[in-house]
Undergrad: 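One structure follows; several queries about it will come next.
Since this is a predicted model, take the numbers as computed values, not measurements.
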Amino acid sequence: MAQQENIRNIAIIAHVDHGKTTLVDEMLKQGGIYRENQEVVDRVMDSGDLERERGITILAKNTAVHYKNYKINIVDTPGHADFSGEVERILKMVNGVLLLVDAAEGPMPQTRFVLQKALELGHKVIVVVNKIDRPDARIDEVVDEVLELLLDLDATDEQFESPTLFCSARQGVASYGPHEEGTDLTPLFETIVNYIPAPQGDPEGPLQVLVSSLDYNDYVGRIGIGRIERGTIHQNQEVDICDYHDPDHLEKGKVVALYTFDGLAKVPVQQASAGEIVAFSGMSDLTIGRTICAPDHPEPLSFVKISEPTIEMTFSVNDSPFAGREGKYVTSRNLRDRLEKELLKDVSLRVTEQSNDAFNVAGRGEMHLSILIETMRREGYEFAVSTPHVLTRTIDGKLCEPIERMVADVPESAMGAVIEKMGQRKGDLVSMTPLGSRYRLEFLVPSRGLFGYRNEFLTDTRGEGIMSSVLDSYAPMKGEIDRRSTGSLVAFETGETTAYGLGNVQDRGVLFVNPGTPVYAGMVVGACNRNEDMAVNVCKKKQLTNMRAAGSDDAIRLSPPRVFSLEQCLEYLADDELLEVTPKSLRIRKRILDHAARMRQVMKNR
């Protein structure tokens, strides 16, 4: 068991793709976690399939490395703002943070969000400028930008004078100066050991452990993870569970299994003392923010309430003509059980039952909910989802909506188009900073103004733009925002698409389907050129007669269809459309499938 003064607890803060998981990889390798001949995968902390495919961290994870006789507990935090529910509570477990910044991109909005939380908790900060080997690195400017950010966030004098290191995580080297050659990560380990304080807490006092994170295992149920603030915890110990935000809550529990982290593994231990980060199981209704205390000493620790969700979607049972063909779990009971299971480990999710067949699911952003949809789809679930809607609040008698701080790095040639589109979406330009031949634009824009914008943004910047956003505040509603300027091409009958049918339709818009695709009446098969929906017959077959006109047998040339990813489907959806999600397919469809009934509804709405 590590002595308290030899423990260091740190979290790594970084924007998406600034290299924090790669840095943890190298720290694990140089921290002696692997055998010399052990085969090692890249980005080992991104253990989920989705995390590997997208190159982003979704769940915060714990690991530990050894340097000399010190044990360094590391928490790898998500960089994407939609998973910031993970971040806020993780910071309660640590005494200091590594602020990792890309040497070319500099601090980004997500970095700002998490750093602000860390500074509020009084954590010490070590600035690490990563990717200094990039050809477009702007090391001196980026260091200045970090200092400006610390000033902006009201850092204390000590936090403002944080040590700065320069490293290349991919090469596994760090140095104290931007132009020094590094050989390994020793400067980083030395700075962590000397600058980050050892955890405080009396090992002899009554037990206190704040549950800061949850894991779930089908065999042992919920696993709580947290730092021991005071006392010593033993396996099979009886404990009291209390809650800071609910003073009346007090129940008994028992620590059935106890683990500490070592490398990538959880190591079973008999006991652990103040300062150590531990995982424990045996209590069924553990939730984040609860405190595990010694019996007869119920003293709950204060805890930041998790920020509320900002957008909501409806998950409902799939009722299309193709329902049940591809999915393994298709009933409302399956859907309810799966969403309840997700609630056990995702604290920033809210689920309310709307009817027997539909559930309102609220989350931190489109990305947060699309990851849940993709995960469920891969597990064999089949269901339908609606368009995302923002969750409003009433503040001082006024209806307010969430406002995002959106930062875009764009080529100079695309600047006008981006500013114009943001204006149409009720966005206000806050700052404009030149970065070489590019510009960094910062907007305050309503969350609903960003729905469906990413595709347009990539088109306007010819794929060269980078955009990211983070929740900034709530402000009074900003009026109507037009989401989509085109209508949909809707299949008129059920059947299989034919080249002949698609050839007749392709002049009217962009197609989403190939010949030979099964479709049903009411399914969206393309985007219409006009600002209205159009019913089309894509299953039409060529009549075989013995009469032929000149040129009637010319080969039909079809343009390749546009294939949407899950996020692009959600962005495309109109208010009267649903997305049918199955393990094999994504189909956009109208809520009302029958053409005549749909037309009656359109007339009624007018």
Side-chain angles (χ1 to χ4, degrees), residues 15 78-89 91 107-121 149 152-154 245 288-289 302-314 346-352 354 360-372 386-408 419 421-431 441-454 457 467-483 570-571 575:
H15 185 75
H80 203 286
D82 284 11
F83 310 109
S84 49
E86 292 280 324
V87 172
E88 292 169 30
R89 56 179 199 259
L91 294 173
M108 297 289 270
Q110 271 89 329
T111 322
R112 179 193 190 96
F113 174 85
V114 189
L115 182 61
Q116 187 172 3
K117 301 281 180 193
L119 295 177
E120 284 168 9
L121 289 168
L149 178 62
D152 218 17
L153 297 176
D154 295 330
H245 293 293
I288 286 166
S302 65
F303 183 70
V304 186
K305 274 204 162 178
I306 299 296
S307 303
E308 293 298 309
T310 54
I311 77 160
E312 182 178 67
M313 293 162 100
T314 304
D346 190 343
V347 288
S348 33
L349 199 70
R350 302 277 181 280
V351 176
T352 47
Q354 203 178 12
N360 281 348
V361 181
R364 277 293 186 86
E366 268 185 306
M367 182 92 156
H368 184 194
L369 294 181
S370 71
I371 292 286
L372 172 62
S386 71
T387 43
H389 293 284
V390 296
L391 294 167
T392 53
R393 289 184 185 176
T394 304
I395 301 171
D396 299 332
K398 287 185 179 173
L399 189 65
C400 295
E401 64 176 336
I403 303 291
E404 306 261 342
R405 182 176 291 272
M406 194 276 268
V407 174
I419 293 173
K421 291 282 170 64
M422 279 286 103
Q424 292 168 6
R425 291 165 176 268
K426 303 286 191 276
D428 299 324
L429 182 63
V430 182
S431 72
L441 308 174
E442 199 167 317
F443 298 91
L444 287 176
V445 56
S447 293
R448 61 199 169 101
L450 291 177
F451 291 164
Y453 176 61
R454 194 171 293 273
F457 175 78
M467 68 173 268
S468 56
S469 62
V470 63
L471 180 67
D472 184 80
S473 56
Y474 279 77
M477 295 289 285
K478 294 208 171 189
E480 282 297 310
I481 296 176
D482 288 334
R483 271 195 59 196
L570 293 174
E571 286 179 357
D575 289 337

Undergrad: Kindly compute the distance separating CG (Leu444) from CE (Met406), expressed to the nearest 0.5 Å.
TA: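 Leu444 CG to Met406 CE: 10.5 Å, rounded to 0.5 Å.
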Undergrad: Can you tell me how far the CG atom of Asn360 sits from the OG atom of Ser386, to the nearest 0.5 Å?
TA: 7.5 Å
Undergrad: Would you say that Leu369 contacts Pro388 through its side chain, given a criterion of any heavy-atom pair below 4.5 Å between the two side chains?
TA: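 No, side chains not in contact.
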Undergrad: Does some side-chain heavy atom of His389 sit less than 4.5 Å from a side-chain heavy atom of Thr314?
TA: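 SC-SC contact between Thr314 and His389 ruled out.
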Undergrad: State the CZ-SG distance between Arg393 and Cys400, to the nearest 0.5 angstrom.
TA: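 Taking CZ in Arg393 and SG in Cys400, the distance rounds to 9.5 Å.
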Undergrad: Are Glu312 and Arg350 close enough that some pair of their side-chain heavy atoms sits under 4.5 Å apart?
TA: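 A side-chain contact under 4.5 Å is absent here.
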Undergrad: For Tyr474 versus Leu391, what's the shortest heavy-atom pair and its separation?
TA: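 In this case the closest contact between Tyr474 and Leu391 is CE2-O, 4.0 Å.
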Undergrad: Which pair of non-hydrogen atoms, one from Pro476 and one from Glu401, has the smallest distance, and what is that distance?
TA: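 Minimum heavy-atom contact is O-OE2, 4.3 Å.
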Undergrad: To the nearest 0.5 Å, how far apart are CD1 in Ile311 and CZ in Arg448?
TA: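 Going from CD1 on Ile311 over to CZ on Arg448, the span is 13.5 Å.
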Undergrad: At their closest point, which heavy atom of Val430 faces which heavy atom of Arg405, and how far apart are they?
TA: CG1-NH1, 4.4 Å
Undergrad: With a 4.5 Å heavy-atom cut-off, do Asp428 and Lys478 have their side chains touching?
TA: yes
Undergrad: Would you say that Leu450 contacts Met422 through its side chain, given a criterion of any heavy-atom pair below 4.5 Å between the two side chains?
TA: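 Yes, their side chains come closer than 4.5 Å.
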